[in-house]
Amino acid sequence: MAETTATPAPQGERKKIIFSGIQPTGVFTLGNYIGAVRHWGPLQEQYRCIYSVVDLHSITVRQDPAVLRKRTLEAYALLMACGMDPEKSILFIQSHNPHHTECSWVLNCSTQFGELSRMTQFKDKAARYADNINAGLFTYPVLMAADILLYQTDLVPVGEDQRQHVEITRDIAGRFNGAYGTTFTMPEALISRAEEGARIMSLQDPTKKMSKSDPNPKGCVSILDEPGVIIKKFRSAVTDSDAQVVYAPGKDGINNLMRIYAAFTGKSLEAIQEEFAGKGYGDFKTAVGEAVVQGLAPIQARYKELMDDKAYLETCYRQGAQQAMRLSGRTLEKVYKRVGFLHE
Ligand code: ATP
Ligand code: LTN
């Protein structure tokens, strides 16, 4: 990952803090995995990491309650299957820690209507869910700011689409610190470069972001898709008519497939070009599908094991909530004092 000045803390100094979250709106896609989640595991070795399944955020779009409950546990297990270790990190479910909603209220009062109106995710989702433009959808970034700021987070590893939300978090933190005295650490986004997959596109419309809630399942590969389904989706991926495996402007479909192949094989884009020189798109699409199937196999196996041991998952998320609350409680107390709430 690039675009940060972050360096590991020298001995004796506090470890830098990482926070990130993912919504339980469906099985993680290759976009979630390549753009965000695959980077989170390795970060545990150097940093104090806190990862959350952000169920409060997910209800900004209407969810079926029974499905949400199921997907929340699945998302928690998926995080662990993707390498998040409850012995190394804090892994919790957002609604289990009430400090997030409490802090969010205070931060709402340091956030301007105008800046929330400019958020592209709000504009996109308001257009997509025109019959439910609720206040939660509008103030979504404030809750996200609370998530981040409550833990005195230094770095926020996310996909490119979340850059604007980390920026507004910084604006809110700066404004609060300016008005009440330094309370929050100023966080920085940690986003990989475009060629590394910061924004993976739909396989059916490579100008559109791949997303869990895409109504067309052919465009989106979920990390639990069966091998046969994965291969089929890659074989029918939309590409141009040029038929040369070359990374170039305007070749959105092929560029996207090359980034996916690079993420799963560790090969550079140049090496991929060489490997497929003189071969057609058909061979390349099959190779991408196979690399993805192979890369996802251990995650799928681990996920199955975890879902067979619900008691273990429950122990982990309960412990995660306790650990999270201990940390966030300190910041919330400070916030309440700073704004002038009379101590209970
Ligand atoms: P939804 O479809 O419900 O809006 P989503 O698939 O966009 O969800 P989120 O839970 O909002 O996923 O995002 C989790 C993480 O995955 C974020 O860090 C986000 O930036 C990243 N991410 C999501 N989609 C992509 C993508 N297509 N390419 C790269 N990163 C992505
Ligand atoms: N909005 C994010 C999910 C999210 C998040 C966070 C990410 C909620 N709170 C805090 C990083 C830090 C998204 O991916 N849509």
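Ligands are counted one by one from 1 in listed order, and the atoms in each one are counted from 1 as well. Just so it is clear, the values below take in all heavy atoms, side chains as well, and ignore hydrogens, waters and symmetry mates.
For Tyr303 (side chain) and Ala77 (main-chain N/O), no donor-acceptor pair under 3.5 Å exists by modelled atom type. In this structure a side-chain-to-backbone donor-acceptor pair under 3.5 Å is missing from Thr139 to Val142. A donor-acceptor pair is defined here as one N or O able to donate and one able to accept, closer than 3.5 Å; such a pair exists between the side chain of Arg175 and the backbone of Ser110. A donor-acceptor pair under 3.5 Å is absent between the side-chain atoms of Arg259 and the main chain of Glu196, judged by distance alone.
The N/O atoms of Thr29, backbone and side chain alike, include none that comes under 3.5 Å of an N/O atom in ligand 1. Ligand 1 has no nitrogen or oxygen under 3.5 angstrom from a nitrogen or oxygen of Glu160. Between Gly31 and ligand 1, at least one pair of N/O atoms sits closer than 3.5 Å. For the pair Asn32 and ligand 1, the shortest N or O to N or O distance falls below 3.5 Å. Ligand 1 has no nitrogen or oxygen under 3.5 angstrom from a nitrogen or oxygen of Ala36. At under 3.5 Å, not a single nitrogen or oxygen of Ser20, backbone or side chain, sits near a nitrogen or oxygen of ligand 1. At under 3.5 Å, a nitrogen or oxygen of Ile200, whether backbone or side chain, sits near a nitrogen or oxygen of ligand 1.
Classification of Asp225 and Lys232 as a salt-bridged pair fails, no side-chain N sitting under 4.0 Å from a carboxylate O. Comment: Glu45 engages Lys88 in a salt bridge, judged by a side-chain N to carboxylate O separation of less than 4.0 angstrom. No salt bridge links Arg71 with Asp55; every basic N to acidic carboxylate O contact stays at or beyond 4.0 Å.
Heavy-atom contacts of Gly35 reach the following atoms of ligand 1: 29 (C), 30 (N) (cutoff under 4.0 Å). Applying the 4.0 Å criterion to heavy atoms of Lys209 picks out, from ligand 1, the atoms 5 (P), 7 (O), 23 (C), 24 (N), 26 (C), 27 (N). Proximity to Arg199 (heavy-atom distance under 4.0 Å) selects the following atoms of ligand 1: 28 (N), 29 (C). Distances below 4.0 Å separate heavy atoms of Lys125 from the following atoms of ligand 1: 4 (O). Residue contact check: Ala198 has heavy atoms under 4.0 Å from atoms 28 (N), 29 (C), 30 (N) of ligand 1.
Shortest contact from atom 11 (O) of ligand 1 to any protein heavy atom: Gln23 NE2, 3.1 Å. The protein non-hydrogen atom at the shortest distance from atom 6 (O) of ligand 1 is Lys212 N, 3.1 Å. When hydrogens are left out, the protein atom nearest atom 19 (C) of ligand 1 is Asp161 OD1, 3.3 Å; that is the closest non-hydrogen contact. Residue, atom and distance of the protein heavy atom nearest to atom 3 (O) of ligand 1 are Thr25 OG1, 2.8 Å. With hydrogens left out, the protein atom closest to atom 1 (P) of ligand 1 is Ser213 OG, 3.4 Å, a heavy atom. Given atom 18 (O) of ligand 1, the protein heavy atom at minimum distance is Gly159 N, 3.2 Å.
Ring pair Phe122/Phe138 is perpendicular by interplanar angle, where above 60° counts as perpendicular and below 30° as parallel. Using bins of under 30°, 30° to 60° and over 60° for the plane-to-plane angle, the ring pair Phe176/Phe184 lands in the tilted bin.
Around ligand 2 you find Phe19, Ser20, Gly21, Gln23, Val54, His57, Tyr140, Met144, Asp147, Ile148, Val156, Val158, Gln162, each with a heavy-atom distance below 4.0 Å.
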| field | Derivation of the side chain to side chain contact (heavy atoms under 4.5 Å, CB included) call for Ile260 and Leu203 | value | CA-CA 11 Å; Ile260 294 172; Leu203 299 187; 4.3 Å; yes

| message | The test is side chain to side chain contact (heavy atoms under 4.5 Å, CB included); show your working for Cys82 and Trp40 and say whether it passes. | response | CA-CA 9 Å; Cys82 289; Trp40 296 357; over 6 Å; no

| query | What's the verdict on salt bridge (Lys or Arg N to Asp or Glu O under 4.0 Å) for Glu115 and Arg118, showing C-alpha distance, side-chain angles and the deciding distance? | reply | CA-CA 5 Å; Glu115 60 187 340; Arg118 288 192 290 276; 5.3 Å; no

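Residue Leu257 is tested with Lys251, Lys285, Met201 for a side-chain contact (heavy atoms from CB on, under 4.5 Å); the sole match is Lys285. The one candidate from Tyr247, Phe284, Phe234 that meets the ring pair (Phe, Tyr, Trp, His ring centres under 6.0 Å) condition with Tyr261 is Phe284.
In this structure, Arg318 places its CZ atom where only 12 or fewer heavy-atom neighbours from other residues, nucleotides or ligands lie under 6.0 Å away.
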